[in-house]
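Let me begin by presenting the structure, written as structure tokens, before commenting on it.
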Amino acid sequence: MTTKNRYNVKIEGLDGHGKRRYFWMTFSTDLQRALRQYTIDHGLDAATQYLRGALIVYPLGPYTSQTIPPMGLGRIIYVQRQKRGFSTRPRAQFIMPDRWRGNDDQDIRDALVYVQHDYDFWSRQQIAADLAHWRQKYDLAVPFRTWPRGLVRRVNRHRARRQLRFLPKRD
């Protein structure tokens, strides 16, 4: 029996202190299928380069049976295909680089609404603050208002820690 290759992604997250944090995650099943088809149509190199630089929604804490973790917006650094995958998965919502770095204010706001639409209030605020941070990092104007990023980060860090109580205890 052969195992399928999985598309894994290295995501650069923001930790609120100006430091970079990197996470390895495995794409969700629907993105796996889309990337396999893209590989068939355009080749492996094109498939691994296609999403590089895009911003993707990823969990800031653990998934539990009772709660969904807070979400943030990270930048895709690297996509690779290998036999083994990681247990953590980013969400399937992302913004391509030419869109989040663009100059059309309405297009950027529409992209923000698209990646925020599934989440609770504080996760939406975190995603907006992260998008504003990524735009500021590349000296781009921010065409929307956000809460202060430090405040939103503290609230979501507290929410992620609170979810740890729902995880099973290890002996």
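Please read these numbers as outputs of a predicted model, since none were measured by experiment.
- For Arg36, there are no salt bridge (charged side-chain N to carboxylate O under 4.0 Å, His left out) partners at least two apart in sequence or on another chain.
- Residues passing the side-chain contact (heavy atoms from CB on, under 4.5 Å) test with Ala46 are Tyr38, His42, sequence neighbours excluded.
- Among residues two or more places apart in sequence or in another chain, the side-chain hydrogen bond (donor to acceptor under 3.5 Å, both in side chains) test is passed with Asp104 by none.
- Taking every heavy atom of both residues into account, Pro97 and Ala54 meet most closely at CG-N, 3.6 Å.
- A cation-pi arrangement, defined by a distance under 6.0 Å to the six-membered ring centre and an angle within 45 degrees of its axis, is absent between Lys10 and Tyr78.
- With hydrogens and angles disregarded, no donor-acceptor distance shorter than 3.5 Å links the side chain of Asn5 to the backbone of Arg84.
- A donor-acceptor pair is defined here as one N or O able to donate and one able to accept, closer than 3.5 Å; such a pair exists between the side chain of Trp100 and the backbone of Gly53.
- With sequence neighbours excluded, the residues that form a salt bridge (charged side-chain N to carboxylate O under 4.0 Å, His left out) with Arg75 are Glu12.
- With sequence neighbours left out, the salt bridge (charged side-chain N to carboxylate O under 4.0 Å, His left out) criterion links Arg159 to Asp120.
- Not counting sequence neighbours, the partners of Ala128 by the side-chain contact (heavy atoms from CB on, under 4.5 Å) test are Leu112, Gln116, Phe144, Thr146.
- Ring pair Phe86/Trp24 is parallel by interplanar angle, where below 30° counts as parallel and above 60° as perpendicular.
- Contacts classified as salt bridge (Lys or Arg N to Asp or Glu O under 4.0 Å) and involving residues 54-68 (residues at least two apart or in different chains) are not found.
- A search for side-chain contact (heavy atoms from CB on, under 4.5 Å) contacts involving Arg101 returns Tyr138, Leu140, not counting sequence neighbours.
- Between the side chain of Thr88 and the main chain of Met25, no donor-acceptor pair closer than 3.5 Å is present.
- Not one N or O on the side chain of Gln82 forms a donor-acceptor pair closer than 3.5 Å with the backbone of Asn8.
- Using a 4.5 Å heavy-atom threshold, the side chains of Trp122 and Pro70 count as separate.
- Closest heavy-atom contact between Ile11 and Ile77: C-CG1, 4.5 Å.
- Taking a 4.5 Å side-chain heavy-atom cut-off between Ile, Leu, Val, Met, Phe, Trp and Tyr, the cluster of Ile40 contains only that residue.
- Using modelled atom types, one side-chain atom of Arg135 and one backbone atom of Ala141 make a donor-acceptor pair closer than 3.5 Å.
- Looking at residues two or more places apart in sequence or on another chain, you find no side-chain hydrogen bond (donor to acceptor under 3.5 Å, both in side chains) involving Asp98.
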Residues Leu44, Arg81; criterion side-chain contact (heavy atoms from CB on, under 4.5 Å); working and verdict
CA-CA 9 Å; Leu44 180 60; Arg81 191 170 76 170; 3.9 Å; yes
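- Residues passing the side-chain hydrogen bond (donor to acceptor under 3.5 Å, both in side chains) test with Gln93, sequence neighbours excluded: Asp118, Tyr119.
- With side-chain heavy atoms closer than 4.5 Å counting as contact, directly or through intermediates, Val113 stands alone and belongs to no larger hydrophobic cluster.
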Test side-chain hydrogen bond (donor to acceptor under 3.5 Å, both in side chains) on Asp130 and Gln126 and set out the steps.
CA-CA 6 Å; Asp130 286 351; Gln126 181 69 55; 2.9 Å; yes
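- By the neighbour-count criterion of 12 heavy atoms within 6.0 Å, atom CG of Leu151 is densely surrounded, having more than that number from other residues, nucleotides or ligands.
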